[in-house]
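First up is the structure itself, then whatever we jot down about it.
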Amino acid sequence: MTMNVVIDRPEARWLPSRHRFALARLIAYIRLRFDRPSAAQPEHLILPIDRDQTAAEMNCVAVWVLATTTCYVAASLPFRLPLSLVLAIPLAAIVIHLPVVTIGPLVRLVMGDGNNIGILSVITMGLLLIASSYAVTTTSWARFAAWLFFGVLAVNCAAAVILWLLRGAVRAGEEQCVR
Amino acid sequence: MAFWSTFFLVWGPGRRGVMRNLKVVKPGSFAVTNLFRCYRVFWNYAWTIADNVRFKELRTIPDWEFIGWEHFQEMQSREGAILLTAHMGSYDLGAHLFSETSTRRIVMVRAPEADPKTREFEEHHGAGGLRVEFNVRATELALDLLENVRNGDIVAIQGDRVTGSISSLPATLFGKPTTVPAGPFALALAARVPIYPVFVMRLGRRRYRLMTSRPIEITRSRNRDEDFARAVEQWTAELERVVSECWFQWFTFEPYWPEPAT
């Protein structure tokens with residue numbers, strides 16, 4: 001397997017191709033277009049073009065998924081809210097990993113060995129969508145977390161539409177950067 | 001994260017080893033501060049292992065920044081060189097980077113791997129253009145490495161820790177007496193090639209830095225011990241500088257300096 005890399009172009013950190021979600025890709029495109037490179041740069045730089053490369057995006061999504069799941073778990077616990085929240089944090093971390101260890105072997109049986117991270121990510125996000133759809137119908141405080149979840153999804157969809165409309169400019173911007 | 005935190009709490013000898021080393025690297029620091037620093041060392045080590053596995057299984061590579069690029073290029077352009085490094089960052093990722101950017105073959109010397117399955121995995125999942133030599137037959141290996149260097153290869157050796165019964169040279173690190181492996185210095189003297197101190201450091205998620213320092217030239221004189229002492233002094237000064245700055249990347253889980261006899 002080979003991977004494309006960009007050499008000695010610090011601005012390539014903001015290539016939309018180095019981001020996964022539409023909102024992050026849109027922000028990256030804006031920064032690629034308008035940011036000026038800072039004076040302090042390493043002597044030599046190698047940047048792979050991989051959609052999961054950017055730490056800020058991946059960490060934000062991880063925190064968002066953990067926080068949303070924590071809310072749902074806390075709302076379902078029969079304790080007072082502060083105690084439920086404290087207990088829900090480690091429980092949510094376990095719950096998030098359950099699809100990986102339960103569905104993962106099935107995916108491996110069907111797809112074989114290899115990189116099945118994409119499929120497992122879709123399944124995990126699908127389960128979160130189902131949980132949010134349920135939470136939004138309840139009267140518990142967790143419905144606000146569910147609304148926020150759908151709000152973020154809506155913003156991401158809007159960013160995807162904008163990116164689609166700007167697809168020519170985005171491609172040109174990327175080509176200019178990597179040339 | 002939870003798994004690694006458990007590992008941190010359960011593995012007492014490793015934790016105590018790092019704490020003792022931190023006491024020397026960070027003199028005058030509080031034990032509780034060093035406990036958090038120790039966790040940071042474990043945390044970085046966990047991420048380094050994860051990055052290694054990602055590379056070996058998925059060929060995912062991180063962003064690379066280079067410091068000392070001129071020395072790195074100089075090393076690549078020479079007919080044979082010795083790359084001296086420490087137990088920092090990820091040598092697999094570093095080796096892959098070398099194999100991608102260098103026209104020279106890299107021969108990496110590693111401590112013997114006890115588990116045959118692990119050894120087989122290491123041999124088959126490494127980077128292209130890289131040969132791993134397990135340090136099991138000291139004399140034969142020395143001759144092989146000498147031939148490699150003379151053929152223009154780059155021999156990569158870890159020079160911060162003496163393991164097993166390999167020959168060593170006296171040194172001083174952070175003002176305390178210690179020993180460093182004699183092999184790289186003897187090889188450099190025999191092959192008449194310089195030693196390039198190279199350090200791989202993890203800066204963050206999928207972000208690494210490769211730092212190459214000024215080469216250490218071993219000049220021959222009538223007194224071989226003095227020749228070695230000068231080279232070792234230069235190496236330990238470099239190692240001390242890097243470990244002072246990046247103590248959270250120094251993966252030495254055994255006490256580095258022996259406890260003074262009471």
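The sequence lines fix the lettering, A, B, ..., with proteins before strands; numbering per chain opens at 1.
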Open item on the list: Would you say that more than 12 heavy atoms from the other residues, nucleotides or ligands in this model lie under 6.0 Å from the CZ of R167(A), or not?
Closed with: yes
Open item on the list: Can you confirm whether more than 12 heavy atoms, excluding those of W11(B), are under 6.0 Å from its CH2 atom?
Closed with: yes
Task: Gap separating the CH2 atom of W64(B) from the CG atom of L45(A), nearest 0.5 angstrom - done: 12.0 Å
Open item on the list: Between R54(B) and D50(A), does any side-chain N to carboxylate O distance fall below 4.0 Å?
Closed with: no
TODO: Indicate the atoms forming the closest heavy-atom contact of D63(B) with R18(A), along with that distance.
DONE: OD2-NH2, 2.9 Å
Task: Heavy atoms of other groups near Y45(B) OH, more than 12 under 6.0 Å - done: no
- [ ] Output the distance between atom NE2 (H44(A)) and atom CZ (F72(B)), rounded to the nearest 0.5 Å.
- [x] 7.5 Å
Open item on the list: Looking at E245(B), I want to see if its CD is surrounded by more than 12 non-hydrogen atoms of other residues, nucleotides or ligands under 6.0 Å.
Closed with: yes
Open item on the list: Quick one, Q53(A) with I61(B), criterion side chain to side chain contact (heavy atoms under 4.5 Å, CB included). Give me CA distance, side-chain angles, the key distance, then yes/no.
Closed with: CA-CA 9 Å; Q53(A) 199 72 9; I61(B) 56 169; 6.0 Å; no
Open item on the list: Go through it in stages, so that I can follow the logic: the residues are I46(A) and E65(B), the test is side chain to side chain contact (heavy atoms under 4.5 Å, CB included), and I'd like the CA-CA distance, side-chain angles, deciding distance and then a yes or no.
Closed with: CA-CA 7 Å; I46(A) 298 175; E65(B) 292 182 15; over 6 Å; no
TODO: Enumerate by number any residue of residues 55-76 of chain A whose heavy atoms lie under 4.5 Å from heavy atoms of chain B; in the absence of such residues, state 'none'.
DONE: A55(A), M58(A), N59(A)
Task: Greater than 12 external heavy atoms within 6.0 Å of Y134(A)'s OH - done: no
Open item on the list: Taking atom CZ as the centre, does R214(B) end up with more than 12 heavy-atom neighbours from other residues, nucleotides or ligands that are less than 6.0 angstrom away?
Closed with: no
Open item on the list: For P62(B) versus P48(A), what's the shortest heavy-atom pair and its separation?
Closed with: O-CG, 3.4 Å
- [ ] Any chance you could measure E43(A), atom CD, to T212(B), atom OG1, to the nearest 0.5 Å?
- [x] 9.0 Å
